[in-house]
Amino acid sequence: MAEKRLLLIDGNSVAFKAFFALYNSLGRFTNGEGLHTNAIYGFNTMLETMLKNVDPTHVLVAFDAGKVTFRTKMYDDYKGGRAKTAPELSEQFPYLKKLLAARGIKTYELKNYEADDIIGTTAKRAEDAGFATTIVTGDRDLTQLANDQTTVAVSKKGVSEVERYTPAYVTEKMGVTPEQIIDIKGLQGDNSDNYPGVTGVGPKRAVDLIDKYGSVEGVYEHIDDITAKKLKEHLIADHDNALLSKKLATIDRNAPVELTLDDLVYQGPDTDALVAFYQEMGFRTFLKKLSVDGETPSAVTGLQPIDYTELTADNLDQINLGDSCAFYLELDGDNYHLVDFAGFVIGTDDQWWVSRDVHLLEQAPLKAALEDTKVSKQVFDAKRTYVGLNRLGITLRGVDGDLLLASYLLNTYDNSNDLGRVAAEHGYDQVETDEDVYGRGAKRTIPTDDTVFFTHLARKARAIEHLRTQLFNDLEENDQVKLYREIELPMTFVLARMEIAGITVDADELRAMGSKFSEQLAEIEQTIYNEAGEEFNIGSPKQLGKILFEKMGLPVIKKTKTGYSTAVGVLEKLAAEAPIAENILKYRKISKIQSTYVEGLLKVIHPDDHKVHTRYLQTLTQTGRLSSVDPNLQNIPVRSAEGKAIRKAFVPRHKGWQIFSSDYSQIELRVLAHMSHDENMQEAFREGQDIHAATARRIFKLGPDEEVTPNIRRQAKAVNFGIVYGISDFGLSQNIGISRQQAKRFIDTYFQEYPGVKAYTERMVQLAHDQGYVETIAHRRRYLPDINSRNFNQRSFAERTAMNTPIQGSAADIIKIAMIRMEDAIKDLQATMLLQVHDELIFEAPAEEMATLEKLVPKIMDSAVDLEIPLNVESHYGPTWFDLK
DNA sequence: CGTATCACG
DNA sequence: ACGTACGTGATACGT
C-alpha cells in the first residue's frame, strides 16, 4: 500500500445518488425536527466503507459552487432544463457539511468551477506528489481521470457499493481508454448535462468511431473514409457541436484550487461532535457503532431510561389498569399460530408491568381486563395479539387502538411489522426496533438479560400510548376514521377467527397425488433427457438454456438480464418445432404442483387438528387487498386440470359437511362502471349483459344480428382487463398477440364507446398529480410520489397505478365490509367462514345449511355497498373445494 | 440473497 | 425515444 493515500469525494453527486437510493424510504429518514436525513445517512454509509477500504492519509470532499461556471459561459444551456433539486435533498446539504466537519474532513468549493474540476486538479497534484488516489463519485464521466495512480470508484445502485474503475476496467467496460471518454461525450453529447453532440450518434456509434479513429479530431481527419452517407452528413453538420461538447466534458485539471495537499491531512473524527451530530439526526445505528466500550447506552442512543415492574404471582393484585391500557404480547417469531411466547408488557400512564411468564395473563385481574370490553386496549397488531391470547384461552376484547393498522391506513408504505420502525416513521424515537434489540435473521434471539428485554418491552408500551393520539388525529384529518373503526379494526378480528378456524386438508389425499406426480415426473424427465441427448437439471433455467439454445440450436426468442429466457411464452413458441419444449412445460407444471402444493402443504398441516392455519397480512398490499402466507391459500391452483386436483384435499372438518363458496362476478369492472359513471358500461351491467360480449360488440362495431365469436370476446375481455390495469397499447398487444397499432385502435375505440371510462382514467392521473395520492370508495389512500418523476418508466407506472388502485382497492373495501357483516349474519348457523380469495369467500357448513347459505351469503355480499350498478354474486358448493357446483 | 419462474385474483 | 399491463407468495437455483 502506498504511503500517501488520498480519498477524493464528489460531494454533490454522491449525495444525489444516496438521496435517490433511499428515496423510497424518505419517510423513514427524518429526525425529530422533521428534517429529511436519507442522503446524509447514505453518504455516511458510503464514507464508513470508503474510509475503511482506502484507509486514507488525506481526504477531501468537493462540492459544486453554484449554477454559473466557466462551462455555462462556453455554452448557455449547459445543464439547462434540469429540474430544480428536490427541497428534501437541498435541506440536507448544510448538515452534510456539518457531518464532514465532525469527521475531520475538509470540504471545498470553488466559484465558477464544478466539483469535478476540483477533483481533477487535486488528483493531478496528488499524482505528481506520488499519492495513490481514490475518487468516489456517482458520475461515470469522472472515469476519464483513471490512471495507474488514480482509481475511480463509481457508486452503484445502493450507496455503500462501488464499482472500481482502473484504466483496464474502463476499457473493458466502456470500450475506450479513460482519455477517450471525453471524445465519446463529444460525439454522443450528454442528455443530463444538456449538450448535444452529433445527431444520430449514440453510445454504440460513438465507441465504434473513437475506436477506429482515436479521437474526435481523428474522426474529422478521416471524415472522407466514412461510408455511411447520413452519418457523414451529420458529422459534418455538427462539427462545432462535437468540439464544444468534448470541451464541456473535459475536466479542468488546472483549476485555481487554493487548497494544498497538506491541507487535506486526515486525522479522524472529533468523536464528541460526531456523537452530537448523530443524536441530532437520530442515527441510532451509527451511534451504536461508536459506543465500543465504556459509554452508557443511553448517552449514546439518546433513549431516556424507563421504569417498569416485573410481575409475579405475588404482586398481580397490585395492578391497576383503569379504563384504558397499552398491551404488547411478545412472541419469538413471525408465525403467531406456532411460535413460543416470549413475554408481555401491560400498563398505562408510565406504570409498566412486564414478565416473561405469559401464564400470568390467564389469572385475575389480567384475564378479566383483557376480556373486558370496557377496558380499552391499545396495541400494535391486534390480530397477532388476539391469536396469541387465544392460544392461552383468553379472548381479547375492547381493542380501541391498533397502531399498526392506523399507520398502514395513513400510509401504505408504513407497513413494517416492527413497532420501532413504525414509531420512527411517525417521528417518535424513544423505542428501538426489534432488529436492534433481538438481532436479525438466524441470529435473532430474545435477550436472556432481563433488563435489556424488559426495558425494550416497556418502551414499546410507552410508544403505543404516546403515538395513539397523534395517529388518530392524522386519521381524522384524512377522513379515515370510519375506514379504521368500521372496516379495518373489525376486519382484523374476523380474520383472526378465520385463521384460528383453519381449513382441513386431507394429507393422505395429497400423498396419493404426490406419488402419482412423482411417477409422471420420472417419465417426462427421461423423455427430456432422450430428446436433449444428455442428463441435466431441468429446474435450472441456466442449464436448460444451454441445452435448448446452444446444444440444440433453437432460436433465442427472448433474453433475461442473466441469459436466455425459458419462460412459458418462449417455450410455447418453440413447441412447434421442438417437442422437447412441450415436455419441459409439462415437467414444469407438474413439478410446480408437486413442490409448492403437495410437498409445501404437507409441511404445514397441523398434526393435531389436520388443518392449515394461514396468516392474512392485513397491512402489506398497496391497494388494500389481503395477502396470505404460511401457507398462501390465495393461490391454490384452479386454471389447469392437474393443478385443480389439489383442491380435492381441501375438505370440510366434519363428515356430512360441505364446502360453500360465493364470488363476486367482475367486481372490478363493476367498480369501474360505478366510479366512472360511464352510462354505456352501467347500462350493460344493469341489463345483466355479458360485459365482455357487450364490449366486443362495441369495439368491433357489430350489428345486432352479428354473433360475438369466442375469439373476439376473448380479445374484448383482454381489453377490459387492460383498462383495469391502466392500459398501454404495448401491454395489450403483448397480451393478446396483436400489433401495437391494432392495440392502439382497440383502445381508442374503447374510449369512444366508454367515454366515461376515459374521463375516469384522466381524472385519476390528474388527482394523483394534484394531491399526491388516490383514494378508494372507503377513503383508503395510496400515495404516488413517482407521479411527478422525470423518469418515464417510474412516472408511467405511477399513472397506471393511479387508475388501477381505486378500482382494485375499492373491490377490496367491498369484500371486507361483506366479511364483517357476514360473521353476524351466520352467527346462528354452524357455518364457518374459512377463506377469502380477493373476490371470493369460502365456508364450511353442514349439508343442510346449503340452502340457507345460498340465499344469505350472496345477499350480504351484494348489499355490502350501494353502487350505481348492481353487484352480482355466484355461489357453488360440494363435498370438497374441488367439486364446487 | 437476488433472479427466474409460475401459482392465484 | 423511452419500455410497460395491476396486486400478491413460494420454490429452486446459483452466487
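In this text, all values refer to a predicted model and were calculated from it rather than measured experimentally. By convention in this document, chain letters (A, B, ...) are assigned in the order of the sequence lines, proteins followed by strands, and residues within each chain are numbered from 1.
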Name the nucleic acid region contacted by A/D839, choosing base, sugar-phosphate or nothing; use a 4.0 angstrom heavy-atom cut-off, strictly under. sugar-phosphate
Donor-acceptor pair (no angle test) under 3.5 Å: A/Q808 side chain, C/dC6 base: yes
Please report, rounded to the nearest Å, how far the P atom of B/dG9 is from the CG atom of A/L835. 13 Å
What is the nucleic acid contact for A/E840, judged by heavy atoms within less than 4.0 Å: base, sugar-phosphate only, or nothing? nothing
Please work out if A/T566 contacts a base, only the sugar-phosphate, or nothing of the nucleic acid, heavy-atom cut-off 4.0 Å. sugar-phosphate
Mind checking A/N804 for me? I need base, sugar-phosphate or nothing, with any heavy atom below 4.0 Å counting as a touch. sugar-phosphate
Intra- and inter-strand pairing of DNA chain C, written as dot-bracket with Watson-Crick and G-U pairs under 3.5 Å and | for the latter, reads .....|||||||||.
Have a look at A/A802 and say if it touches a base, only the backbone sugar-phosphate, or nothing, with a 4.0 Å heavy-atom cut-off. nothing
Which part of the nucleic acid does A/R588 contact within heavy-atom distance under 4.0 Å: base, sugar-phosphate only, or nothing? sugar-phosphate
Need one value for A/T801: base, sugar-phosphate or nothing, where a base atom within 4.0 Å counts as base even if backbone is also close, heavy atoms only. sugar-phosphate
Given the P atoms of C/dA5 and B/dT5, what is the spacing between them in whole Å? 14 Å
Return the value, rounded to whole Å, for the distance between atom NZ of A/K592 and atom C1' of B/dC8. 10 Å
If you look at every strand shown and take non-hydrogen atoms under 4.0 Å, does A/V837 touch a base, only sugar-phosphate, or nothing? sugar-phosphate
Would you say C/dG14 has OP1 or OP2 under 4.0 Å from some side-chain N or O of A/S540? yes
Has the side chain of A/R782 got a donor or acceptor that lies under 3.5 Å from a partner of the other kind on the base of C/dG7? no
Quick one: is C/dA5 close enough that its OP1 or OP2 comes under 4.0 Å of any side-chain N or O from A/R800? no
Pair of N/O donor and acceptor under 3.5 Å linking C/dT4 base with A/R740 side chain: yes
For C/dT15, does OP1 or OP2 lie under 4.0 Å from any side-chain N or O of A/K542? yes
Could you check whether A/Y336 and A/K383, counting side-chain N and O atoms only, form a donor-acceptor pair closer than 3.5 Å? yes
Can a side-chain donor-acceptor contact be found between A/N241 and A/Y195 if the only test is distance below 3.5 angstrom? no
Quick one: label A/S728 by what it contacts on the DNA or RNA (base, sugar-phosphate, nothing), any heavy atom closer than 4.0 Å. base
Give every donor-acceptor pair under 3.5 Å between a side-chain atom in residues 803-813 of chain A and any protein atom, sequence neighbours left out.
from, atom 1, to, atom 2, distance (Å)
A/N804, ND2, A/V724, O, 2.9
A/T805, OG1, A/R782, NH1, 3.0
A/T805, OG1, A/T801, O, 3.0
A/Q808, OE1, A/T623, OG1, 2.9
A/S810, OG, A/I777, N, 3.1
A/S810, OG, A/P806, O, 2.5
A/D813, OD1, A/R780, NE, 3.0
A/D813, OD1, A/R780, NH2, 2.9
A/D813, OD2, A/T776, OG1, 2.6
A/D813, OD2, A/A778, N, 3.1

Under 4.0 Å: is that the gap between some side-chain N or O of A/T562 and OP1 or OP2 of B/dA4? yes
So what does A/G539 touch, heavy atoms closer than 4.0 Å: a base, only the sugar-phosphate, or nothing? sugar-phosphate
May I ask you to say what A/L626 touches in the nucleic acid, namely base, sugar-phosphate or nothing, with a heavy-atom cut-off under 4.0 Å? nothing
Take atom P in B/dC6 and the same atom in C/dC2, then report the distance between them in whole Å. 28 Å
Taken to the nearest whole Å, OH/A/Y725 to C1'/C/dG3 is 19 Å
Phosphate-side-chain proximity, A/Q794 and C/dC2, N/O vs OP1/OP2 below 4.0 Å: no
Below 4.0 angstrom from OP1 or OP2 of C/dC13, is there any side-chain N or O of A/N537? yes
Modelled atom types, side-chain donor and acceptor of A/Y616 and A/Q634, under 3.5 Å: no
For A/F721 and B/dG9, what is the distance between atoms CZ and P respectively, to the nearest whole Å? 10 Å
In residues 615-625 of chain A, which residues come under 4.0 Å of DNA chain C by heavy atom? A/L617, A/L620, A/T621, A/Q622, A/T623, A/R625
